J.: 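I am attaching a structure below and will ask some questions about it afterwards.
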Amino acid sequence: MSKEITSRSTDYSQWYNDLVIKGELADYSAVRGCMVIKPYGFALWENMRDVLDKMFKDTGHVNAYFPLFVPKSLFEAEEKNAEGFAKECAIVTHYRLQADPDRPGKLMVDPTAKLEEELVVRPTSEAIIWSTYKNWIQSYRDLPILVNQWANVVRWEMRTRLFLRTAEFLWQEGHTAHATRQEALDETVKMLHVYADFVENYMAVPVIKGIKTPQERFAGAEDTYCIEALMQDGKALQAGTSHFLGQNFAKAFEVKFSDRDNKLDYVWATSWGVSTRLIGALVMAHSDDDGLVLPPRIAPLQVVIVPIYKGDEQKAAIDACVQTLVQSLKSMGIRVKYDDNDNARPGWKFAEYEMKGVPLRLAIGARDLENKVVELARRDTREKSTVPLEGLAVRIQQLLEEIQQQLFSKALAYRNEHITPVDTWDQFVSMLDTKGGFMAAHWDGTSETEEAIKEKTKATIRCIPLDNKQEAGHCILTGKPSAQRVLFARAY
RNA sequence: CGGGAGGUAGUUCAGCCCGGUAGAAUACCUGGUUUGGGACCAGGGGGUCGCAGGUUCGAAUCCUGUCCUCCCGACCA
């Protein structure tokens with residue numbers, strides 16, 4: 001039919017696009033590199049956002065909102081940060097349009113409405129936020145500041161991909177200010193763990209927690225911590241980052257505080273973020289050639305019920321039975337939909353909800369009603385079974401939990417199988433090409449070698465895992481001594 | 001930004017080479033029969049052919065420009 005999906009083996013990229021478009025997560029838009037997030041995709045984002053937001057609040061953070069625009073002079077204050085983002089900034093230079101005298105009915109930029117100072121559309125908000133924190137902080141009593149903002153940002157990427165890299169995307173960015181280096185470091189690591197907790201336990205995507213090399217570090221950070229996930233095509237995806245910013249932004253924006261001994265010092269900072277890119281990770285981690293597979297804890301719909309009937313009489317009997325079931329499911333907090341739309345037949349609905357990744361599907365017909373059973377189908381395993389109506393709601397609740405665990409276990413097994421220790425250059429190259437995934441390899445610790453490896457293989461160091469095992473060895477490229485293995489992969 | 005492909009009905013596409021007033025499937029609307037894996041019959045509506053210029057008696061078709069998308073590459077906290 002018109003909704004066929006390209007298989008992963010035929011064309012992985014096209015498969016991904018098909019899922020996003022045909023699964024109705026998002027659409028292309030009239031704006032280069034920008035997508036429309038459709039209601040189903042946005043419902044998914046809302047679920048993710050709500051869980052994360054609660055986690056942030058449970059760890060003492062509060063939400064605020066800062067402007068979309070950053071005056072250029074503020075933006076350039078922290079030089080490394082500005083330099084890192086300069087190539088992908090959208091700039092507002094004018095504030096008015098006027099009728100175009102040469103083209104009736106058309107508009108042109110009013111050349112007299114040029115801004116004194118250009119405004120940068122935020123690619124990240126450190127600058128505007130730290131220029132504000134300057135006014136909020138005078139004493140150690142004003143610290144810490146633990147603020148998060150849910151916002152959109154713009155990065156003018158050369159090549160975009162739905163969810164994975166769009167010119168505009170939604171995210172949250174935490175920006176915290178602390179009195180001591182240690183406190184800021186603790187916060188950086190704490191939020192990394194929050195992210196890992198969320199991605200693993202709600203999205204069912206296993207991640208490796210680690211530190212970026214200087215080469216891959218956030219512009220303006222002293223250290224960048226990250227969580228790295230593995231996709232089904234063997235490429236890695238950076239799923240979230242948490243940055244220890246040191247005193248860089250405090251110095252750039254002159255944010256000082258008096259400590260207990262009345263000595264002035266610069267404030268210590270962190271920032272951390274995850275974005276709608278996580279949806280891309282989710283899609284690529286679990287889905288199959290029949291469509292999306294969504295983990296129950298964040299699936300917009302957890303259960304769909306499809307009636308099968310001949311005539312109004314049967315329909316009415318099924319309605320009555322389903323109504324009770326729906327009520328008990330809803331009372332347990334389960335997101336359920338009874339799809340009794342008469343325009344689509346059962347087979348069509350089955351295919352549709354499989355495409356959309358609904359974890360559980362119930363089919364109930366007159367035959368089932370007589371036997372007091374329903375047909376229960378799992379999206380993840382495609383298993384179908386006939387189960388009694390008696391105690392169904394509880395069983396569904398358990399099953400959703402089981403599916404959640406199963407998805408994680410499966411993804412974890414795949415991920416673990418794809419961390420390959422390699423000891424020679426030939427092995428490194430051939431495993432990258434044939435198997436993919438992470439290569440655990442020795443590296444001499446220099447940016448030059450890292451760059452050379454990237455140039456030769458397109459593989460980058462995804463991270464140095466936290467609590468990494470120390471082990472003497474030799475760099476796979478240069479043969480120089482190395483104290484530990486780091487994780488290389490080709491990445492999105 | 002470089003290379004390749006593409007934009008025609010809501011959607012997927014044919015028509016373009018060789019200019020002559022726009023087509024299929026599907027979706028949609030109406031009525032009926034249906035309903036346990038993407039139903040069937042009958043009738044019906046829907047497109048200034050991405051946009052802007054140009055050539056021509058005449059442009060979906062030829063030419064120029066421009067916008068948007070996809071794939072590969074470069075770039076990318």
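All values below come from the heavy atoms of this structure, side chains included, with hydrogens, waters and symmetry mates left out. Quick note on labels: first sequence line is chain A, next is B, and so on, each numbered from 1. Being a predicted model, the structure only gives us computed values, none of them experimental.
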J.: Applying the Watson-Crick and G-U wobble criteria at under 3.5 Å, what pairs with G65(B)? Answer none if nothing qualifies.
T.: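 Pairing partner, where one exists within any strand: C51(B).
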J.: Would you mind listing every ring-ring contact (aromatic ring centres under 6.0 Å, His included) that reaches into residues 227-246 of chain A, with sequence neighbours excluded?
T.: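 Qualifying pairs: Phe218(A)-His243(A).
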J.: Report the nucleotide, chosen from G38(B), U35(B), A74(B), that has the shortest atom-to-atom distance to any side-chain atom of Tyr309(A).
T.: U35(B)
J.: Using a 4.0 Å heavy-atom cut-off, does Trp171(A) contact any base of the nucleic acid, only the sugar-phosphate backbone, or nothing at all?
T.: base
J.: Taking N and O atoms by type only, does the side chain of Glu354(A) place a donor or acceptor under 3.5 Å from a partner on the base of G37(B)?
T.: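 Per atom types, the contact qualifies.
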J.: Nucleotide by nucleotide, 5' to 3', does protein get under 4.0 Å of the base (B), only the sugar-phosphate (S), or neither (-) in nucleotides 66-72 of chain B, counting heavy atoms?
T.: --SSSSB
J.: For A24(B), give the paired nucleotide (Watson-Crick: N1-N3 plus N6-O4 or O6-N4; G-U: N1-O2 and O6-N3; both under 3.5 Å), or none.
T.: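 Partner of A24(B): U12(B).
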J.: Within the pair Arg165(A) and C76(B), is there a side-chain N or O less than 4.0 Å away from OP1 or OP2?
T.: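 Looking at the OP1 and OP2 atoms of C76(B), neither is under 4.0 Å from any side-chain N or O of Arg165(A).
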J.: Using purine N1 to pyrimidine N3 plus N6-O4 or O6-N4 for Watson-Crick, or N1-O2 and O6-N3 for G-U wobble, both under 3.5 Å, which nucleotide pairs with G31(B)?
T.: C41(B)
J.: Check whether the side chains of Tyr353(A) and Asp339(A) place a donor and an acceptor atom closer than 3.5 Å, and report yes or no.
T.: yes
J.: Without swapping roles, check the side chain of Arg277(A) against the backbone of Gln238(A) for a donor-acceptor pair under 3.5 Å.
T.: yes
J.: Measuring from the side chain of Met158(A) (C-beta onward, heavy atoms only), which nucleotide among U35(B), A74(B), G36(B) has the closest atom?
T.: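 Shortest atom-to-atom distance from the side chain points to A74(B).
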J.: For Leu164(A) and C75(B), give me the distance from atom CG to atom P, rounded to whole Å.
T.: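 My rounded result for the distance is 19 Å.
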J.: Could you check which nucleotide pairs with G19(B) in any of the strands shown, counting Watson-Crick or G-U wobble with both distances under 3.5 Å?
T.: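 Paired with G19(B), as far as the under-3.5 Å criterion goes, is no nucleotide at all.
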J.: Going by the salt bridge (charged side-chain N to carboxylate O under 4.0 Å, His left out) test, which pairs reach into residues 181-197 of chain A, not counting sequence neighbours?
T.: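 Residue pairs with at least one partner in residues 181-197 of chain A: Arg181(A)-Glu222(A).
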J.: Which one is paired to U56(B), where only Watson-Crick or G-U wobble pairs with both distances under 3.5 angstrom count?
T.: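 No nucleotide pairs with U56(B).
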J.: If you check every side-chain atom of Trp348(A), which of G37(B), G38(B), G36(B) has the closest atom?
T.: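 Comparing G37(B), G38(B), G36(B) against the side chain of Trp348(A), the answer is G38(B).
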J.: Under 4.0 Å between a side-chain N/O of Lys87(A) and OP1 or OP2 of C76(B), yes or no?
T.: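 Result: yes.
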J.: Both distances below 3.5 Å, Watson-Crick or wobble geometry, any strand: find the nucleotide opposite C70(B).
T.: G4(B)
J.: Compute the centroid of each ring, for Phe56(A) and then for Trp272(A), and state whether the two points are separated by less than 6.0 Å.
T.: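 Ring centroids of Phe56(A) and Trp272(A) are less than 6.0 Å from each other.
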J.: Under a 3.5 Å cutoff, is there a donor and acceptor pairing between the side chains of Asp319(A) and Tyr309(A)?
T.: no
